[in-house]
Amino acid sequence: MKNQQAIFEQAAEWAEIADELTEQQQQQLQLWLAADPAHQQAYDKCMAIWQSAELADALQSLPNQNTKKQADKASFTFTKKHLLGSCCFALLALCASIFTLKNTPEMASIVAATPTDAHNQTQQINLPDGSVMTLAGETQLTFNQQQQVRSVTLNKGESLFSVEHIADDQPFYVHAGDVQVQVTGTTFSVDKNDYSTQIIVVEGSVVVSANQQQLVLTAGQSVEVIKGKMADKIIYPAAFNHHLQANWLDAQQMSLGAVIAKLDRKLTEQISLEDPNLMAMPINGRFDLNQPKQTLKMLALASNLRLAEYPGHILIRRN
């Protein structure tokens, strides 16, 4: 991983001369920006801060700045460039915190719902903070951003969240019934179905809370919350891929209820269990979500169950 401070320092140097670039320098800048998405992000942040009044406010708070209130414009411009270039990372941290706090107003809620008849499809939503939500079929949620708090209310369905880290004191919450998931920046999914709420972490870590219980999950770990109670933490193999990214469901001690919920979103028929107690049956295996009906048949065969198919309905029974 590239050094973040070095990237910001390079971005600050480009920001200093943004208005004075020769044609050759413009080509060099474009090559540098295209080399790594982190370069573009750092450059955009530097330019936003460079052109903001918040930078001037921050400079006034630095040592020896208050004694030079009458300094001329040329001297101030030199100080601004010198500090942004030579003290980039520390200064950016200061300015970014001021800039973020002053420029994160309350915004209108984003309400998203994938159509109930759009089976086997996902929907991607890019959020204003740079985070991305990937919604499975039959999902309903609402995103809100107010001052330093970003939050999602997941009413039903499943979404994979790739959360952009802004600052440690600007968390991202997902509320799914009586379950809350808190992160600052990571990739994870939350699946709220009729039986349980399942959380899977792909990168980073999250804090899961439910009914005065709390659990920290890291990459490759999962937990189901069933009727307000957390089940045992599940650890996936190192080669684990999230099903909303790979269309393969890697089930590790996953409840049959959670597996059925994922398959049900891929089918036009409704799936139900003759015996509700089967919902808690632990399931292990790798299942192809691109062929949900075939997968359901294989699952039933491996679990000593049988399927009864009716128009628009699949009933799962004990053998």
(request) Search all heavy atoms of Val163 against all heavy atoms of Phe188 and return the closest pair with its distance. (result) CG2-CE2, 3.8 Å
(request) State, with a plain yes or no, whether a side-chain heavy atom of Leu244 is found less than 4.5 Å away from one of Glu158. (result) yes
(message) To the nearest 0.5 Å, what is the distance between CZ on Arg150 and CZ on Phe143?
(response) 7.0 Å
(request) Using side chain to side chain donor-acceptor pair (under 3.5 Å) as the criterion, point out the one residue from Thr114, Thr122, Asp191 that pairs with Arg265. (result) Asp191
(request) To the nearest 0.5 Å, tell me how far Met254 CE sits from Met281 CE. (result) 15.0 Å
(message) Under 4.5 Å between side-chain heavy atoms, counting indirect links through other Ile/Leu/Val/Met/Phe/Trp/Tyr residues: same cluster for Ile314 and Met298 or not?
(response) no
(message) Quick one about Ser131 and Glu164 (side-chain donor to acceptor, distance below 3.5 Å, no hydrogens or angles considered), yes or no?
(response) no
(request) Not counting sequence neighbours, list each pair that qualifies as a side chain to side chain donor-acceptor pair (under 3.5 Å) and has a residue in residues 225-237. (result) none
(request) Classify the side-chain pair Lys262/Gln198 by whether it contains a donor and acceptor separated by less than 3.5 Å. (result) yes
(request) Kindly assign one of parallel, tilted or perpendicular to the pair Tyr173 and His175, based on the angle between their ring planes and the thresholds 30° and 60°. (result) parallel
(message) I'd like to know whether Lys297 forms a side-chain contact (heavy atoms from CB on, under 4.5 Å) with Leu299, so could you lay out the CA-CA distance, the side-chain angles of the two residues, the decisive distance to 0.1 Å, and finally the verdict.
(response) CA-CA 5 Å; Lys297 291 178 180 178; Leu299 174 61; over 6 Å; no
(request) Flag yes if Val207 and Ile199 sit in one hydrophobic cluster, no otherwise; membership is Ile, Leu, Val, Met, Phe, Trp, Tyr, and two members link when side-chain heavy atoms are under 4.5 Å apart. (result) no
(request) Check whether Ile125 and Val183 end up in the same hydrophobic cluster, where Ile, Leu, Val, Met, Phe, Trp and Tyr are linked by side-chain heavy atoms less than 4.5 Å apart. (result) yes
(message) Show, in sequence, the C-alpha distance, side-chain angles and deciding distance for Gln148 and Asp169, and conclude whether the side-chain hydrogen bond (donor to acceptor under 3.5 Å, both in side chains) test is met.
(response) CA-CA 7 Å; Gln148 293 176 263; Asp169 62 349; 3.2 Å; yes
(message) By the salt bridge (charged side-chain N to carboxylate O under 4.0 Å, His left out) test, which pairs, at least two apart or in different chains, include something from residues 234-258?
(response) Asp250-Arg286
(message) Is it the case that over 12 heavy atoms from other parts of the model lie below 6.0 angstrom from the CG atom of Asp194?
(response) no
(message) Tell me which pairs pass ring pair (Phe, Tyr, Trp, His ring centres under 6.0 Å) where either residue lies in residues 287-319, with sequence neighbours left out.
(response) none
(request) Using a strict 4.0 Å threshold on nitrogen-to-oxygen distance, state whether Arg306 and Glu274 make a salt bridge. (result) no
(request) Supply the atom-to-atom distance Ser189 OG to Leu135 CG, rounded to the nearest 0.5 angstrom. (result) 11.5 Å
(request) Say whether Leu154 and Val132 are linked into one hydrophobic cluster, either directly or through other cluster members, by side-chain heavy-atom distances under 4.5 angstrom. (result) no
(request) Could you grab the distance from atom CG of Leu215 to atom OG of Ser209, nearest 0.5 Å is fine? (result) 9.0 Å
(message) Pairing donors with acceptors under 3.5 angstrom, does anything connect the side chains of Asp129 and Gln145?
(response) no
(message) Are the side chains of Trp248 and Asn290 in contact, using a 4.5 Å heavy-atom criterion?
(response) no
(message) Count I, L, V, M, F, W, Y as connected when their side-chain heavy atoms are under 4.5 Å apart, and connections chain through other members. Are Ile235 and Val216 then in the same cluster?
(response) no
(message) As a test of understanding, state which of Gln291, Lys266, His242 forms a side chain to side chain contact (heavy atoms under 4.5 Å, CB included) with Asn247.
(response) Lys266
(message) Once rounded to the nearest 0.5 Å, what's the spacing between atom CG of Leu273 and atom CG of Leu278?
(response) 5.5 Å
(request) Any chance you could measure Gln180, atom CD, to Thr197, atom OG1, to the nearest 0.5 Å? (result) 13.0 Å
